[in-house]
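As a basis for the values below, the full set of heavy atoms in this structure was taken, side chains included, without hydrogen atoms, waters or symmetry mates.
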Amino acid sequence: MELVDLYDENRVPLGRTAERGAPRGPGEYRMVVHVCVFDRLGRLLIQQRTPEKFIWPELWDVSVGGGVDAGETSRQGAEREFREELGCPLDLTGLRPSVTVNFDGGFDDFYILTKNLSPEDLTLQKEEVRAVRWAALEEILDMVDRGTFIPYPKSFLRFLFDMRTQFGFPTK
């Protein structure tokens, strides 16, 4: 049983946990993280979810994503998810989420960075990730149109690509 910490609408910890995926009461929220890794050519590393995934099976997504475990910070959850899904360490020390998206059930922190990775050198978590590859924005937008990429709003995907060159995002 995986547990998540619960927060109020202001992201203040409530001091309680819940089972991941269990219904939550009014005013109870959880934390989710995504990591968007770009290469020096401005392409995003994308991952294809396995057919066994409950939500969005077989669709492509940004580099890494998942729930933050009870007792973890957002940064720790992002580092763990990156390590688990791609088999590669990631140090986000000093990096805050580039953007936080509020959704019905909680807060979704997106970390954006540039990192040189070779997809062939990654060890994919077979239960969650079927494949990874680099993709340009126009290709991802086309995938959204074809229904093969998680249906993020196109404006949000453009925003993620725009943000990679803003405010001195680090190379890790």
Side-chain angles (χ1 to χ4, degrees), residues 1-38 44-115 124-129 132 144 149-164 166-170 172:
M1 173 175 61
E2 295 181 59
L3 296 177
V4 296
D5 288 323
L6 296 175
Y7 301 86
D8 72 9
E9 70 276 1
N10 295 310
R11 205 171 173 149
V12 174
L14 294 173
R16 299 191 306 269
T17 60
E19 187 175 339
R20 183 184 314 264
R24 285 178 244 322
E28 295 179 335
Y29 301 92
R30 67 185 180 107
M31 199 175 349
V32 175
V33 291
H34 283 86
V35 179
C36 299
V37 176
F38 290 89
L44 176 64
L45 184 70
I46 61 174
Q47 67 156 278
Q48 185 180 30
R49 298 164 64 86
T50 62
E52 295 78 27
K53 293 293 289 179
F54 179 69
I55 300 172
W56 309 116
E58 298 187 72
L59 294 188
W60 288 85
D61 195 359
V62 299
S63 310
V64 168
V68 175
D69 289 342
E72 286 183 323
T73 64
S74 169
R75 181 181 304 124
Q76 290 167 334
E79 291 172 341
R80 176 187 47 75
E81 286 289 341
F82 198 87
R83 186 177 56 255
E84 287 178 359
E85 293 185 8
L86 302 182
C88 180
L90 181 65
D91 181 4
L92 295 175
T93 300
L95 186 63
R96 293 180 296 144
S98 305
V99 64
T100 298
V101 176
N102 294 317
F103 64 99
D104 286 344
F107 311 95
D108 193 346
D109 289 341
F110 282 76
Y111 292 84
I112 299 173
L113 59 119
T114 300
K115 185 173 180 66
L124 306 183
Q125 184 181 22
K126 65 181 180 179
E127 300 82 14
E128 299 212 16
V129 182
V132 295
V144 170
F149 202 91
I150 290 178
Y152 294 102
K154 288 183 178 181
S155 58
F156 182 70
L157 292 167
R158 286 185 191 96
F159 176 75
L160 292 175
F161 271 77
D162 286 345
M163 288 298 289
R164 81 184 190 286
Q166 301 298 316
F167 311 114
F169 283 120
K172 289 280 184 178

- Message: Just by distance, no angles: are the side chains of D5 and T17 close enough, under 3.5 Å, to form a donor-acceptor pair?
- Response: no
- Going by atom types only, do D109 and H34 share a side-chain donor-acceptor pair under 3.5 Å? no
- Item | Criterion side chain to side chain contact (heavy atoms under 4.5 Å, CB included) against V64, the qualifying member of E81, E84, R83, E128 | E81
Pairing of [X] and [Y] as salt bridge, 4.0 angstrom limit:
X   : Y    : value
K53 : E127 : no
R75 : E79  : no
R80 : E72  : yes

- Taking every heavy atom of Q47 against every heavy atom of V132, the minimum-distance pair comes out as CB-CG1, 3.8 Å
- Query: Shortest non-hydrogen contact from A78 to V35?
  - Reply: CB-CG2, 3.8 Å
- Task: Any chance you could measure Y111, atom OH, to C36, atom SG, to the nearest 0.5 Å?
- Result: 12.0 Å
- Item | Value rounded to 0.5 Å, distance of CZ in R164 from CG in D162 | 7.5 Å
- Note on the structure: Sorted by chain and number, sequence neighbours left out, salt bridge (charged side-chain N to carboxylate O under 4.0 Å, His left out) with E52 holds for none
- Count the heavy atoms belonging to other residues, nucleotides or ligands that lie under 6.0 Å from CG of N10, then report whether that count exceeds 12. yes
- Message: Between R24 and L6, is there a side-chain heavy-atom distance shorter than 4.5 Å?
- Response: yes
- Query: Are the ring centres of F103 and Y29 closer than 6.0 Å?
  - Reply: no
- Do F159 and Y152 make the cut of ring centroids closer than 6.0 angstrom? no
